[in-house]
There are 2 protein chains.
Amino acid sequence: MPAHYSLTETEEAVNRRLGAFPIRREALAAVSNLHRAAAAVRQHLENSALRVADLTWSAFVVLWVVWIWEEIETRHAAAEAGISKGTLTGIIKTLESRGLIQRSQHPDDRRLALLRLTPEGLALMERLFPAFNDEEAFVVGALEEHEALDLAACLRRIVTHLEEHGEQRRNDLRRQTPVPPRRGGRRRTE
Amino acid sequence: MPAHYSLTETEEAVNRRLGAFPIRREALAAVSNLHRAAAAVRQHLENSALRVADLTWSAFVVLWVVWIWEEIETRHAAAEAGISKGTLTGIIKTLESRGLIQRSQHPDDRRLALLRLTPEGLALMERLFPAFNDEEAFVVGALEEHEALDLAACLRRIVTHLEEHGEQRRNDLRRQTPVPPRRGGRRRTE
DNA sequence: CCAGAATCACACGTACACGAATGAAAATGG
DNA sequence: CCATTTTCATTCGTGTACGTGTGATTCTGG
């Protein structure tokens with residue numbers, strides 16, 4: 001799904017439209033390319049390694065997290081996978097119905113649920129992971145190994161920065177401009 | 001939504017589980033951090049600059065593309081926004097119902113639809129974009145300007161590489177292992 | 001001990017997001 | 001010309017994805 005206009009054309013169009021605005025161009029370029037790259041990588045992995053197992057990206061990430069930690073509480077699995085608990089519930093349901101994952105109750109705290117791979121899920125990951133990692137290597141194939149490591153480090157600094165200061169920043173903004181509630185969310189039963 | 005386990009803990013767990021597999025670690029780290037960063041950045045922007053206008057990320061990207069090109073065919077808008085044509089249809093519907101965008105028919109080819117911002121949409125973007133760019137600057141705030149530019153360049157190389165060689169790669173894989181059709185997609189009317 | 005606060009998994013409503021199917025329209029090719 | 005093929009936006013089915021509401025369960029201060 002390549003872009004239709006060339007990078008040069010887009011650059012010219014942006015300049016025409018944004019000439020009057022003072023812009024932090026390096027920030028615009030970094031954020032824009034970040035999402036373009038993430039989408040392209042996800043697309044490639046879903047259509048190569050994951051296609052064979054008929055898994056979506058998110059489903060694979062959840063399997064990966066559970067595999068790595070062997071047994072994990074759902075709230076931690078959601079945090080590690082980078083999705084909300086509500087989203088995780090749906091994915092678990094899908095993976096459970098396919099016999100790849102199993103839920104059990106925490107022995108001490110009955111509010112908690114624990115996740116584990118089934119033997120089928122374990123076998124799938126042991127078969128799938130090498131192929132997945134091969135495709136990861138392919139997507140960074142245009143980079144030298146040290147460049148990929150620098151890239152990873154740079155991205156991690158962004159994540160850390162947002163984890164440490166993002167909430168503060170958003171709160172400050174809300175103080176200046178009160179924000180409407182986000183759309184979606186369960187409606188009050190009236 | 002920070003991760004629950006520390007990076008060190010995760011590293012140890014990964015080593016325990018993957019000790020037996022030969023891994024391209026720099027690729028794993030780059031791809032993993034790429035998605036973590038993209039999700040964190042998107043989350044921040046949706047909950048800061050975009051929250052004020054009650055726009056989702058995808059809706060904003062579509063508005064941005066149409067703004068930059070002034071008038072654009074839907075298929076090109078989808079390519080530029082990095083979403084499928086089917087997804088674009090739904091987003092257009094939302095934006096049209098909010099009076100931010102308008103569709104019209106191509107004068108020469110009646111299969112094509114053209115997109116334009118309404119005056120309200122234009123006013124929104126002129127008001128919203130500076131605030132959005134401020135937040136983009138915030139998310140790369142942990143990076144020096146030259147680092148952000150290097151990052152953008154690196155990411156662009158990944159995108160270019162996938163656009164140039166991704167399809168070939170996926171076709172080669174399919175020759176080795178015939179893949180099942182993706183789940184989802186309209187079912188044949190039988 | 002026990003009332004209120006906190007936290008949990010999950011249900012639910014809205015909005016993407018994809019690829020396959022579909023039907024309309026335009027290009028192609030004899 | 002007219003049938004075939006191609007190209008287009010859209011519809012449809014499945015699966016995330018979010019944040020909020022809900023009820024069950026546990027924690028906590030008095």
- Does A/Arg17 pair with B/Glu70 as a salt bridge, N-O distance under 4.0 Å? yes
- With sequence neighbours left out, the residues meeting salt bridge (charged side-chain N to carboxylate O under 4.0 Å, His left out) with A/Glu164 are none
- Note on the structure: 5'-most contact on DNA chain C (nearest-nucleotide basis), A/Gly86 vs A/Arg75, goes to A/Arg75
- With a 4.0 Å cut-off on heavy atoms, is B/Arg51 in touch with a base, just the backbone sugar-phosphate, or nothing at all? nothing
- Would you mind telling me which of C/dC18, D/dT16, D/dC8 lies closest to the side-chain atoms of A/Thr56? D/dT16
N/O contacts under 3.5 Å, protein versus nucleotides 23-26 of chain D?
| unit_1 | atom_1 | unit_2 | atom_2 | d |
| --- | --- | --- | --- | --- |
| D/dT26 | OP1 | A/Arg110 | N | 3.1 |

- Query: Which nucleotide sits closest to the side chain of B/Arg42: C/dC8, C/dC16, D/dC18?
  - Reply: C/dC16
- Under 4.0 angstrom between B/Thr94 side-chain N/O and C/dA15 OP1 or OP2: no
- Query: Atom CZ of B/Arg98 and atom C1' of C/dA15: how far apart are they, to the nearest Å?
  - Reply: 11 Å
- Distance flag, aromatic centroids of B/Phe138 and A/His161, threshold under 6.0 Å: yes
- Task: Ignoring backbone atoms, establish whether A/Thr87 has a side-chain N or O less than 4.0 Å from OP1 or OP2 of D/dC18.
- Result: yes
- Message: Which is more 5' along DNA chain C, the nucleotide nearest B/Ile91 or the one nearest A/His76? Just name the residue.
- Response: A/His76
- Message: Assess, by modelled atom type and distance only, whether the side chains of A/Glu167 and A/Asn171 contain a donor and an acceptor separated by less than 3.5 Å.
- Response: no
- Message: Tell me the interatomic distance from A/Ile83, atom CD1, to C/dA9, atom P, rounded to whole angstroms.
- Response: 12 Å
- Message: Does D/dG19 have its OP1 or OP2 closer than 4.0 Å to a side-chain nitrogen or oxygen of B/Asn47?
- Response: yes
- Task: Go through D/dG19, C/dG19, C/dC8 for me and flag the one nearest to the B/Gln43 side chain.
- Result: D/dG19
- Message: Using the rule given for ring pair (Phe, Tyr, Trp, His ring centres under 6.0 Å), can you reason through B/Trp64 versus B/Phe132, listing the C-alpha separation, both sets of side-chain angles and the distance that settles it, and then say yes or no?
- Response: CA-CA 11 Å; B/Trp64 161 266; B/Phe132 186 84; 7.7 Å; no
- Query: Does a salt bridge link A/Glu147 with B/Arg157, judged by any charged N lying under 4.0 Å from a carboxylate O?
  - Reply: yes
- Closest to the side chain of B/Lys85, out of C/dC18, C/dA9, D/dA9, is D/dA9
- Query: What distance separates B/Leu115 CG from B/Trp69 CH2, expressed to the nearest 0.5 Å?
  - Reply: 14.0 Å
- At under 4.0 Å between heavy atoms, what does B/Asp54 touch on the DNA or RNA strands: base, sugar-phosphate, or nothing? nothing
- Message: Please tell me if B/Gln105 has a side-chain N or O lying less than 4.0 Å from either OP1 or OP2 of C/dA24.
- Response: no
